[in-house]
Q: 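Mind looking over this structure? Questions follow.
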Amino acid sequence: EYEGDRNSEGQRHGFGKARLPNGDTYEGEYERGLRSGRGTYRFKNGALYTGNYLQNKKHGKGVFFYPDGSKYAGDWVHDQRQGYGEYLYANGDTYTGEWANNNRHGQGTYVYKDTGSKYVGGWVNGIQEGPAELIHLNHRFKGRFLSGKPLGRGKFIFDIGCEQHGEYIQPVQVKETEKEEEEEEEPPLPLEPKWKVSEITKLTPWSPHDEELPA
């Protein structure tokens with residue numbers, strides 16, 4: 001069903017309201033038969049988008065309310081979260097920063113609601129990667145991340161005015177040579193990088209941006 005403006009060719013054009021066959025509704029601007037301009041789209045499952053459209057796609061600035069209570073406010077390109085935006089997750093965590101292809105990508109800040117900790121740094125396809133700072137209540141870690149885990153040189157900076165320098169080393173998985181029983185087992189989780197301290201110093205200006213990644 002549609003009620004609203006049409007052009008001389010009978011296409012939806014201007015402002016109108018539509019109910020789609022699947023039960024979703026749209027109220028907003030049309031251009032030559034397609035949703036274009038500002039509008040509000042309500043999904044039957046309770047989700048809602050209000051913002052800009054271009055040729056039936058979310059494009060420009062807009063806010064999307066998801067059925068689980070989470071919400072994204074920011075830039076869209078061809079129906080994807082892309083550009084700059086803020087996402088409030090259902091568990092209360094927030095991410096503010098850059099997006100590409102619906103993923104956290106570029107520079108951004110993720111705040112963990114439960115602990116109040118904050119990750120400030122690089123992201124690649126939704127995963128923490130690159131130089132970053134992990135800020136906790138009374139200390140912070142400065143270093144590099146790879147695939148969501150700290151790896152390589154870094155330092156912990158304590159509010160009492162000292163630093164602990166060291167590096168995160170990826171432990172090697174030891175293969176068991178003999179197996180008692182030949183049962184199919186769950187593959188073990190990859191080992192967590194281990195922190196190895198090199199020195200304690202007073203505050204220094206070292207930053208993970210200062211050095212090249214090892215080849």
Q: Could you list all the salt bridge (Lys or Arg N to Asp or Glu O under 4.0 Å) pairs where at least one residue sits in residues 77-104, not counting sequence neighbours?
A: Lys58-Asp79
Q: Report yes if some heavy atom in the side chain of Ser147 is under 4.5 Å from a heavy atom in the side chain of Glu129; otherwise report no.
A: yes
Q: Determine the interplanar angle of the Tyr89 and Tyr87 rings, folded into 0 to 90°, and report it as parallel if under 30°, tilted if 30 to 60°, perpendicular if over 60°.
A: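 It falls in the parallel class, under 30°.
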Q: Assign the ring pair Phe141 / Phe156 to parallel, tilted or perpendicular, where the plane angle (0 to 90°) is split at 30° and 60°.
A: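 Answer is tilted, since the angle falls between 30° and 60°.
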Q: Has His136 got more than 12 heavy atoms of other residues, nucleotides or ligands less than 6.0 Å from its NE2?
A: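 It does: His136 NE2 has more than 12 such atoms within range.
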Q: Are any non-hydrogen side-chain atoms of Glu9 and Arg32 less than 4.5 angstrom apart?
A: yes
Q: Evaluate the ring planes of Trp123 and Tyr110, with Trp represented by its six-membered ring, and classify them as parallel (under 30°), tilted (30 to 60°) or perpendicular (over 60°).
A: tilted
Q: How long is the straight-line distance from NZ of Lys142 back to CZ of Arg153, given to the nearest 0.5 Å?
A: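 Arg153 CZ to Lys142 NZ: 13.0 Å, rounded to 0.5 Å.
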Q: Donor-acceptor pair, distance only, cut-off 3.5 Å: does the side chain of Glu199 make one with the backbone of His165?
A: no
Q: Heavy atoms, side chains only, cut-off 4.5 Å: are His139 and Ile157 in contact?
A: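 His139 does not reach Ile157 side chain to side chain.
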Q: Tell me, do Lys118 and Val111 make a side-chain contact under 4.5 Å, heavy atoms counted?
A: yes
Q: Would you say the side chains of Asn101 and Asn103 form a donor-acceptor pair under 3.5 Å?
A: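 The answer is no; no qualifying pair exists.
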Q: Look only at the side chain of Asn56 and the backbone of Arg35, and say whether a donor-acceptor pair between them is shorter than 3.5 Å.
A: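 Yes; at least one donor-acceptor contact below 3.5 Å.
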Q: Tell me, do Gln170 and Leu191 make a side-chain contact under 4.5 Å, heavy atoms counted?
A: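 Sidechains of Leu191 and Gln170: in contact.
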Q: Any side-chain donor-acceptor pair under 3.5 Å between Lys155 and Thr201?
A: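 Side chains of Lys155 and Thr201: no pair found under 3.5 Å.
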Q: Please determine whether salt bridge (charged side-chain N to carboxylate O under 4.0 Å, His left out) holds for the pair Asp24 and Arg42, giving the CA-CA distance in whole Å, both sets of side-chain angles, and the decisive distance to 0.1 Å.
A: CA-CA 6 Å; Asp24 296 350; Arg42 293 170 194 277; over 6 Å; no
Q: Among Trp76, Phe43, Tyr66, Phe65, exactly one meets ring-ring contact (aromatic ring centres under 6.0 Å, His included) together with Tyr49. Which residue is that?
A: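 Of the listed options, the one satisfying the test is Trp76.
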Q: Are Glu31 and His13 packed together at the side-chain level, in the sense that at least one heavy-atom pair is separated by less than 4.5 angstrom?
A: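 Yes - at least one pair of side-chain heavy atoms lies under 4.5 Å apart.
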Q: According to the interplanar angle, ranging from 0 to 90°, do the rings of Tyr53 and Tyr41 count as parallel (below 30°), tilted (30 to 60°) or perpendicular (above 60°)?
A: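 Geometry flag for Tyr41 against Tyr53: tilted rings.
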Q: Are more than 12 heavy atoms, taken from residues, nucleotides or ligands other than Arg6, located less than 6.0 Å from that residue's CZ atom?
A: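 Atom CZ in Arg6 is packed in, count exceeds 12.
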Q: Just by modelled atom types, is the Phe15 backbone N or O under 3.5 Å from a matching donor or acceptor in the Asp5 side chain?
A: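 Yes.
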Q: Using atom types as modelled and distance alone, determine if a side-chain donor or acceptor of Ser36 lies under 3.5 Å from a backbone N or O of Gln55.
A: yes
